[in-house]
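Since the structure is predicted, the reported quantities are computational estimates derived from the model, not experimental observations. Numbers for residues simply follow the sequence, beginning at 1.
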Amino acid sequence: MVKFIHSADLHLDSPFKSRSKMPSGLFEVLMESTYNSVARMMDTAIEEKVDFIIIAGDVFDQANRTLKSEIFMKRQFERLKEAGIFAYVIHGNHDPLTDGFKTSWPDNVTVFKENVETYEMVSAKGEKVSLHGFSYYLDDSYENKLDDYPINSMNQGIHIGILHGTYAKSRYSQERYTEFNLEVLNDKLYHYWALGHIHQRDQLSDLPPIHYSGNIQGRHKNEHGEKGFLLVEGDDVYLNTRFVAVQEIIFAEYQLEIDSLNKQDIYQTIVEFKHRLREKGRHIIQLDLIYDGEDTIADADFTEVIELLKEDERDIRQFIWIDALHLKYMNQDNIALLNDIKASYSSNRELFKEAVNALYMDPRLNRYLGPVQDIAQEELLKEGEERLKMLMRK
């Protein structure tokens with residue numbers, strides 16, 4: 001039996017864009033989120049007594065790499081060394097070998113060079129494991145080195161391929177590096193493929209298991225949902241995977257139906273929604289409010305709701321930060337027509353007089369009408385608007 005962690009795309013010190021309007025306390029949590037997620041992964045590695053961890057590329061961001069991130073990783077690797085755990089690391093397009101290292105790793109860490117290499121280790125249970133992979137030498141490296149991965153012709157021990165690249169049929173938007181198809185990977189006769197580069201968790205094959213672990217902490221709305229790594233355990237017959245979430249903050253998109261555009265009602269509905277969501281951890285969300293009526297809300301009132309919701313989260317540890325709040329009218333066409341009618345006719349007193357005179361000149365109607373001097377223009381227009389709304393609903 002062997003047990004290991006498959007992770008990728010840590011992107012330490014990656015910038016969190018468009019966050020300048022967040023309260024400073026929340027922004028600090030965001031900036032430390034990736035570090036905390038990595039530390040949780042190392043905690044799990046030690047608690048689970050894994051044999052080794054794999055990082056399938058992009059430990060760092062080339063343009064934002066700092067001494068802080070390198071010292072942090074060195075300390076995490078030292079924690080693994082004290083627990084007798086090895087680490088196998090490849091470099092991806094965001095942290096190519098030409099970027100250079102300012103820190104030397106402990107001797108339990110193996111970094112693959114630019115050509116395909118194989119490293120062997122023996123698990124705590126005596127299982128022989130062979131790991132195959134290569135690091136990117138340049139950040140724009142498109143060369144395909146899959147032909148250089150050795151074929152498992154002897155079928156001895158467990159063989160694991162490590163690759164930072166793009167599945168040829170990928171539906172995700174990341175740039176395409178070292179493109180591959182499943183047939184090429186299957187031909188190597190490995191027991192597991194640990195993939196990196198795509199920031200969404202994805203299983204491409206069950207036999208053999210071919211997985212993207214996704215990144216370890218979302219950075220924006222397109223990297224939504226739980227983030228973490230795969231805990232892999234098994235033998236040369238089959239390796240089972242289990243996802244372990246370690247993210248500090250979840251990015252997510254939600255829709256919330258509302259039945260009133262009263263600003264107090266909107267605010268209270270969202271507060272109750274945030275209360276339910278808060279139990280699941282810290283979130284940065286995009287929220288769409290869905291309204292199915294014909295009323296509207298003034299821009300100033302809606303802005304007031306947004307600002308109060310932000311103020312509520314300023315000093316909350318388990319925050320739910322609404323990064324974008326949109327109101328979607330399901331009856332947009334009807335609302336536009338009503339607004340157009342009101343803008344064109346409601347303030348036209350001459351037109352109103354003509355309409356009233358026409359009513360009183362009709363002998364079939366005037367018997368039901370009160371004195372003309374008692375007619376209130378605003379009330380009559382309001383009643384007409386409500387009747388028009390009823391007709392539009394049919």
Below 4.5 Å, heavy atoms only, C-beta onward: do [X] and [Y] meet side chain to side chain?
X	Y	value
Val305	Lys263	yes
His91	Phe134	no
Ile160	His132	no
Ile198	Tyr167	no
Asn186	Ile210	yes
Met73	Ile55	yes
Glu279	Gln318	no
Lys3	Lys49	no

query: Would Lys68 count as a cation-pi partner of Tyr35, with NZ or CZ less than 6.0 Å from the six-membered ring centre and within 45° of the ring normal?
result: yes
message: Tell me which one of Lys227, Arg219, Lys221 satisfies side-chain hydrogen bond (donor to acceptor under 3.5 Å, both in side chains) with Glu223.
response: Arg219
field: side-chain hydrogen bond (donor to acceptor under 3.5 Å, both in side chains) partner of Arg282, chosen from Glu248, Glu313, Gln247
entry: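 When side-chain hydrogen bond (donor to acceptor under 3.5 Å, both in side chains) is applied between Arg282 and each of Glu248, Glu313, Gln247, only Glu248 qualifies.
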field: Stepwise salt bridge (charged side-chain N to carboxylate O under 4.0 Å, His left out) check, Glu70 with Arg75
entry: CA-CA 9 Å; Glu70 292 190 16; Arg75 290 172 178 165; over 6 Å; no
Is there a chain of hydrophobic side chains (I, L, V, M, F, W, Y, each step under 4.5 Å between heavy atoms) that links [X] to [Y]?
X	Y	result
Leu261	Phe302	yes
Leu10	Phe112	no
Ile54	Phe229	no
Val122	Val109	no
Ile85	Ile5	yes

Would you confirm whether [X], through its side chain, and [Y], through its main-chain N or O, come within 3.5 Å as a donor-acceptor pair?
X	Y	answer
Ser37	Val246	yes
Asp265	Ser260	no
Gln255	Ile290	no
Gln200	Asn222	yes
Tyr267	Asn262	no
Gln203	Ser205	yes
Asp292	Met330	no
Lys188	Gly161	no
Asn181	Ala168	no

Shortest non-hydrogen contact from [X] toward [Y]:
X	Y	value
Val2	Ile158	CG1-CD1, 3.4 Å
Thr166	Tyr212	CA-OH, 3.5 Å
Leu185	Leu163	CD2-CD2, 4.4 Å
Phe72	Ala39	CZ-N, 4.2 Å
Arg278	Phe319	NH1-CA, 3.8 Å
Ser33	Leu30	OG-O, 2.6 Å

task: Using the six-membered ring wherever Trp is involved, compare the ring planes of Tyr254 and Phe273 and label them parallel, tilted or perpendicular (cut-offs 30° and 60°).
output: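 Judged by the thresholds at 30° and 60°, the geometry between Tyr254 and Phe273 is perpendicular.
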- request: Using the six-membered ring wherever Trp is involved, compare the ring planes of Trp105 and Phe77 and label them parallel, tilted or perpendicular (cut-offs 30° and 60°).
  value: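 Correct class here is perpendicular.
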Strictly by modelled atom types, are [X] and [Y] linked by a side-chain donor-acceptor pair under 3.5 Å?
X	Y	result
His211	Asp202	no
Thr178	Tyr136	yes
His326	Asp288	no
Tyr192	His6	yes

query: Should we count CD of Glu257 as having more than 12 external heavy atoms under 6.0 Å?
result: no
message: More than 12 heavy atoms of other residues, nucleotides or ligands under 6.0 Å from CG of Asp148: yes or no?
response: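 For Asp148, atom CG is crowded (more than 12 foreign heavy atoms under 6.0 Å).
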task: Start with the C-alpha gap between Glu78 and Lys81, add the side-chain angles, then the distance that decides, and say whether salt bridge (charged side-chain N to carboxylate O under 4.0 Å, His left out) holds.
output: CA-CA 5 Å; Glu78 287 172 346; Lys81 181 178 179 180; over 6 Å; no
query: Where do Trp193 and Tyr149 land on the ring pair (Phe, Tyr, Trp, His ring centres under 6.0 Å) test, with the steps shown first?
result: CA-CA 12 Å; Trp193 277 94; Tyr149 281 73; 5.4 Å; yes
- request: Show your reasoning for whether side chain to side chain donor-acceptor pair (under 3.5 Å) applies to Tyr238 and Asp206.
  value: CA-CA 10 Å; Tyr238 191 73; Asp206 180 58; 2.6 Å; yes
query: side chain to side chain contact (heavy atoms under 4.5 Å, CB included) between Asn152 and His191: does it pass, once the steps are laid out?
result: CA-CA 9 Å; Asn152 172 27; His191 299 85; 3.8 Å; yes
field: Within the 6.0 Å centroid threshold, strictly below: Phe60 and His11
entry: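 So the answer is no for these two rings.
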- request: Please check if the distance between the ring centroids of Phe4 and Phe86 is under 6.0 Å.
  value: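 Centroid separation for Phe4 and Phe86: 6.0 Å or greater.
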- request: Test Ser135 against every option in Val116, Ile162, Val89, Ile90 by the side chain to side chain contact (heavy atoms under 4.5 Å, CB included) rule and name the one that passes.
  value: Ile90
- prompt: Step by step, would you call His283 with Phe251 a ring pair (Phe, Tyr, Trp, His ring centres under 6.0 Å)?
  reply: CA-CA 6 Å; His283 283 69; Phe251 285 80; 9.6 Å; no
- prompt: Which is it for Asp58 and Asn215 under the side chain to side chain contact (heavy atoms under 4.5 Å, CB included) test, yes or no, and what are the steps along the way?
  reply: CA-CA 9 Å; Asp58 289 353; Asn215 55 339; over 6 Å; no
- request: Evaluate the criterion side chain to side chain contact (heavy atoms under 4.5 Å, CB included) for residue pair Leu80 and Asn108; output intermediate values, then yes/no.
  value: CA-CA 8 Å; Leu80 295 183; Asn108 63 317; 3.8 Å; yes
message: With salt bridge (charged side-chain N to carboxylate O under 4.0 Å, His left out) as the criterion, how do Asp43 and Arg79 come out once you've worked through the C-alpha distance, each side chain's angles and the decisive distance to 0.1 Å?
response: CA-CA 9 Å; Asp43 292 341; Arg79 291 180 62 201; 2.4 Å; yes
Audit row: Asp13, Met31, side chain to side chain contact (heavy atoms under 4.5 Å, CB included) steps and yes/no: CA-CA 8 Å; Asp13 280 332; Met31 292 301 295; 5.9 Å; no
